[in-house]
Amino acid sequence: MDVTLPDGAKLTVSEDATALTVAETIGPRLAKAAVAATVGGRLVDLSMPLHDGDEVSIVTLASEDGLEVLRHSSAHVLAEAATRVFPGTKVAIGPAIKDGFYYDFEFPEAVTEEALARFQTEMERSIKEAKPFVREEVSRERALELFEDEPYKAELIRDLPEGETISLYRHGDFVDLCRGPHLPDTGRIPSVRALSIAGAYWRGDSANTMLTRVYGTAFPSRKELDAHLERLEMARQRDHRKLGRELDLFSFHDEGPGFPFFHPKGMRVINALLEYWRAEHRAAGYEEIKTPIILDRALWEQSGHWDNYKDNMYFTRIDEADFAVKPMNCPGGILVYRSAQHSYREFPLRMAELGLVHRHELSGVLHGLFRVRTFTQDDAHIYCLPEQIEDEVVGVIDLVMRMYRTFGFEKVHLELSTRPEKSIGSAEMWEAAERSLAVALERTGLEYSLNPGDGAFYGPKIDFHIEDVMGRTWQCATCQLDFAMPERFDLEYVGVDNQRHRPVMIHRTVLGSIERFLGILIEHYGGAFPAWLAPLQAVVIPVADRHNDYAAEVVAALGVAGVRAEVDDRTESVGRKIRDNEMAKVPYMLVVGDREVEAAAVSLRSRAEGDLGHRERDDAVREVARGAGIPVPVLE
RNA sequence: GCCGGCGUGGCUCAAUGGUAGAGCAGCUGAUUUGUAAUCAGCAGGUUGGGGGUUCGAUUCCCUUCGCCGGCUCCA
C-alpha cells in the first residue's frame with residue numbers, strides 16, 4: 001500500500017505496515033528518534049497499523065506533539081511509581097500540561113514533599129526497565145470491571161459518550177484508562193523529574209474530594225531538563241515579593257492581607273510609570289477623570305453589580321444608607337458622562353481613569369502584587385458612534401502595542417473573543433461589533449487567534465497576552481465593547497439628525513492593574529529597572545569626606561536635570577559604596593575624588609557596563625539625564 | 001473558601017522538653033578610603049496571637065491569624 005509523507009512524497013510499504021515501519025523505511029535515525037506519529041492529523045502510537053492512502057508524519061521529541069507524548073507517558077510512569085510507593089493509592093487523571101505534567105492521586109495516607117524523592121527513584125527504575133506501553137481496546141463493561149477499585153477511573157468511564165472507543169495503556173503491572181498515544185516504551189523517557197506536590201479537587205470542583213496532585217516535568221534531554229530547572233530557579237530569584245522587600249519597594253502586613261503598602265521607592269517607580277502612562281494617553285487624545293471609591297447601593301443595583309458581583313464587593317453604611325466600595329470604575333465614569341448632554345460632535349470621547357478598586361478575593365488566592373484585594377486599574381471608557389468603533393479599536397491596539405514595546409514586551413498575543421451563549425443584545429448588533437473588532441485587528445496587520453464564545457455577556461473583546469523574559473505569559477490589556485451599560489444607564493447623545501441615540505461604549509485597559517504590572521516588571525527586569533523607572537537613578541560617590549561638597553553640587557545639578565540622584569557620603573570605602581549601590585541596582589554611579597574636583601569632572605559608572613571613565617561634569621549630567629528621561633510617545 | 005506545608009530579632013537562617021544563637025542590616029568608635037564587602041565594640045527576640053498538656057514548651061496538642069504551594073492546560 002501507499003502512504004503520503006508530509007512533503008507530499010508517496011511511500012510504498014507492506015500491507016501490515018505501522019508508523020514505525022514508515023520511520024524505518026525513511027531511515028534508521030528517524031526510526032530511533034520516532035516516539036509517535038500523526039495519521040491524517042491525528043496523534044497515534046507508532047505501532048498503529050496503517051491503511052492505504054494514509055497521510056503519515058513521524059513525531060519525534062523535537063516537536064510539541066512529541067513533548068506532549070513524552071510528558072503524558074511520564075505521567076503514567078509517575079502513577080506507576082506512586083502506586084508502588086503507596087499501595088492502595090487511587091489514581092485520578094494525569095495529563096501533560098505546559099512545561100510538564102501532573103497526576104492526581106488519592107493516597108491512603110498523608111503524603112508530603114518527602115515522597116518526591118521516592119517517586120523519582122521508582123520512575124527511574126521503571127525507565128531503566130524499558131517497559132513497553134501496550135494499547136488495548138476494551139468494552140465499557142470490561143473497563144468498568146477492570147477499574148472496579150478505581151472510583152475516579154470508573155466515573156470517567158461512565159461519563160464517556162456511547163460508542164467512544166475505550167482504550168487502556170499497560171506498561172509493566174500498571175494499567176491506565178487512556179486515550180494515548182504513548183511512547184513505545186518507558187525507556188524512551190530521556191529525563192524526568194517529580195517536582196512538587198499540592199492539593200487539587202477532583203475535577204476542579206471544591207465540592208469534590210481533595211486529591212493530592214504531583215507535578216513533574218520531562219524533557220528530550222538531561223540538558224534541557226536542567227535548563228528548565230534553572231529557569232524555575234531564576235524565576236524564584238526574581239520573585240517580586242522577594243525583590244520588593246530587598247529593594248524596599250513595598251510590603252504586606254497582617255493588618256491588611258491582600259492590601260499592599262507602597263514605600264517611597266515603590267512610589268517612585270509607580271509615579272515614573274504613571275508619568276509615562278499619562279504622556280501616552282495625552283498623546284492619544286484621552287482626558288483623565290477621577291471618581292469616588294464609595295458609592296450608593298442604588299448605582300450598583302442599576303449597573304448589575306449588586307446582582308452579579310456582590311460576593312466580591314465590600315460594603316459600608318453611611319447615614320443609614322447602604323454603600324459599596326467600587327470593584328469597577330465604569331458606573332462612576334458613566335455618572336460623569338451623564339452629568340451633561342453630549343453631541344456626536346464630541347465623539348469619540350475618551351475618558352481615562354486610574355481608578356482604585358477593591359475586590360474581595362478568596363484568601364487562598366492572594367499572591368504578592370499579582371493577586372491583591374485592592375488595585376489601580378488604568379481604565380478608560382470611550383464613547384463613540386458605531387461607525388467609529390473600528391478606528392477607536394485600532395487606536396487602542398496601537399497604544400497598547402506601543403506601550404508594551406517600551407517595556408521590551410515584543411511578543412504579544414492577541415485574542416478575539418466572540419458572543420457567548422448567555423448574552424444580551426441583538427444578533428445583528430453582535431455581528432457588527434465582532435466584525436468591527438476583526439476588521440480593526442486586520443488593519444493593524446497583527447496576528448490574532450479566535451476564542452469563539454469567550455466574550456463577556458455584554459460584548460465581544462480583544463485580550464492581549466504579553467510574554468516576559470522568562471517566557472511566562474500575562475494577560476494585561478483588554479479592549480471590550482459594552483452594550484449593557486449604555487442601556488442600563490440610558491446613555492444618550494444627540495445625533496446629526498437632532499435625535500437622541502445610544503452611544504457605543506468601549507472599555508479598555510493597557511496595563512490592567514498598576515500593582516500587578518509593577519510585579520510583572522520587577523520579575524521581567526529582575527529588579528534592575530531601566531533608568532527611567534529606577535527608584536534611584538544616580539548615586540554620587542565621594543572618595544573621601546573632603547569631596548562631599550563637590551558631590552552635593554553634582555547631585556544638585558542632576559536634580560535640576562530631572563534625575564533622581566543622591567549622594568552616598570557614608571564613611572565607607574569606594575568599593576563598598578559601589579557594591580551596595582550595585583546591589584540596589586542603581587543605574588548610574590558618579591565617583592568624585594581629587595582628580596574630579598580639580599577638573600570639574602566625574603568618573604561615570606553604569607550598572608550595565610561598569611566603569612565608563614572620565615567625563616566633564618556637565619557632559620555626565622546630560623548623559624545621565626538622557627538615560628533617565630521618561631520615554632517620549634512617538635505616534636506613527 | 002478548601003487541602004497540604006510553614007511561621008525564631010529588620011533580613012537570611014541555626015538550636016533544644018530545662019527559660020534562644022550566627023551572619024547581614026542597625027547603633028557607637030576608629031579608619032578618609034579610587035570602581036562589587038575596612039576593623040572593633042554595642043544593642044536587638046514574652047520563638048505570629050490565644051488556650052492546653054507538663055515541675056518546666058519556643059520545641060507536644062488544640063485554636064486563631066498570616067504566609068507559601070496548589071485547586072480541570074480535562075481519560
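Basis for what follows: all heavy atoms, side chains included, without hydrogens, waters or symmetry-related copies. Here is the naming used below: chain letters follow the sequence lines, and residue numbers restart at 1 for every chain. Nothing here was measured: the structure is a model prediction, and the numbers come from that model.
Residue contacts for A/D545: at a heavy-atom cut-off of 4.0 Å it reaches a base atom on one of the strands shown. Using a 4.0 Å heavy-atom criterion, one finds that A/R546 contacts the sugar-phosphate atoms exclusively. Looking at heavy-atom distances under 4.0 Å, A/N581 makes no contact with the nucleic acid at all. No engagement by A/E609 is indicated, since no non-hydrogen atom pair under 4.0 Å with the nucleic acid exists. Within the nucleic acid shown, A/G575 comes within 4.0 Å of sugar-phosphate atoms alone, with no base atom in reach, counting heavy atoms only. In this structure, A/H253 reaches neither bases nor backbone, as no heavy-atom distance under 4.0 Å exists between it and the strands shown. Residue contacts shown for A/T165 include a base, since a base heavy atom lies under 4.0 Å away. Using a 4.0 Å heavy-atom distance criterion, A/A92 is classed as making no nucleic acid contact. Residue-level contact check: A/A200 touches the backbone only, with heavy atoms under 4.0 Å from sugar-phosphate atoms and none from bases. A/E572 comes within 4.0 angstrom of a base, heavy atoms only. Among the heavy atoms of the strands lying under 4.0 Å from A/V543 is at least one base atom, whether or not backbone atoms are also near. A/E361 comes within 4.0 angstrom of no nucleic acid atom, judged by non-hydrogen atoms across all strands. A/V365 comes within 4.0 angstrom of a base, heavy atoms only. A/T571 comes within 4.0 angstrom of a nucleotide base, judged by non-hydrogen atoms across all strands.
Rounded to a whole angstrom, the distance from the C1' atom of B/G9 to that of B/U32 is 33 Å. Nucleotides B/U47 and B/G66 have their C1' atoms positioned 16 Å apart, rounded to a whole Å. A distance of about 10 Å separates the C1' atoms of B/U8 and B/G21, rounded to the whole Å. Straight-line distance between the P atoms of B/C13 and B/A20: roughly 23 Å, to the nearest whole Å. Comparing B/G17 with B/G52, their C1' atoms sit 16 Å apart, to the nearest whole Å. A distance of about 36 Å separates the C1' atoms of B/C3 and B/G56, rounded to the whole Å. Comparing B/G5 with B/U63, their P atoms are spaced 13 Å from each other, to the whole Å. Between the P atoms of B/U54 and B/U59, the separation comes to 16 Å (whole Å).
In terms of position along RNA chain B, the nucleotide closest to A/S206 lies nearer the 5' end than the nucleotide closest to the other residue of the pair A/I197 and A/S206. Between A/D239 and A/K577, it is A/K577 whose nearest contact on RNA chain B lies nearer the 5' terminus.
In the interface, the side chain of A/Y201 is paired with the base of B/C2 through a donor and an acceptor atom under 3.5 Å apart. In terms of polar N and O atoms assigned as donor or acceptor, the side chain of A/Y215 never comes within less than 3.5 Å of the base of B/G69 in a complementary pairing.
Salt-bridge annotation for A/E122 and A/R84: present, with a side-chain N of the basic residue lying under 4.0 Å from a carboxylate O of the acidic one. Salt bridge annotation for A/R140-A/E164: absent, with no cationic side-chain nitrogen under 4.0 angstrom from a carboxylate oxygen. Using a cut-off of 4.0 Å between Lys/Arg side-chain N and Asp/Glu carboxylate O, A/D173 and A/K131 are scored as not salt-bridged. Salt bridge A/D568/A/R576: absent, no basic N to carboxylate O contact under 4.0 Å.
Side-chain proximity of A/P257 to the nucleotides B/U38, B/C67, B/G70 is greatest for B/C67. Here the nucleotide nearest the side chain of A/M210, chosen from B/G34, B/G70, B/G69, is B/G70. The side chain of A/E582 lies closest to B/A36, out of B/A36, B/G34, B/U33. Closest to the side chain of A/Y102, from the set B/A36, B/U72, B/G70, is B/U72.
Of the nucleotides present, B/C65 is the one that pairs with B/G7 by Watson-Crick or G-U wobble criteria, both distances under 3.5 Å.
At least one donor-acceptor pair closer than 3.5 Å links the side chain of A/D45 to the backbone N or O of A/H182. Side chain of A/Y215 to main chain of A/A198: no donor-acceptor pair is present (N/O by atom type, distance under 3.5 Å, no hydrogens or angles).
Under 4.0 angstrom from either OP1 or OP2 of B/G1 there lies at least one side-chain N or O belonging to A/S363.
Ring geometry, A/F315 versus A/W306: the interplanar angle exceeds 60°, so the pair is classed perpendicular (tilted spans 30 to 60°).
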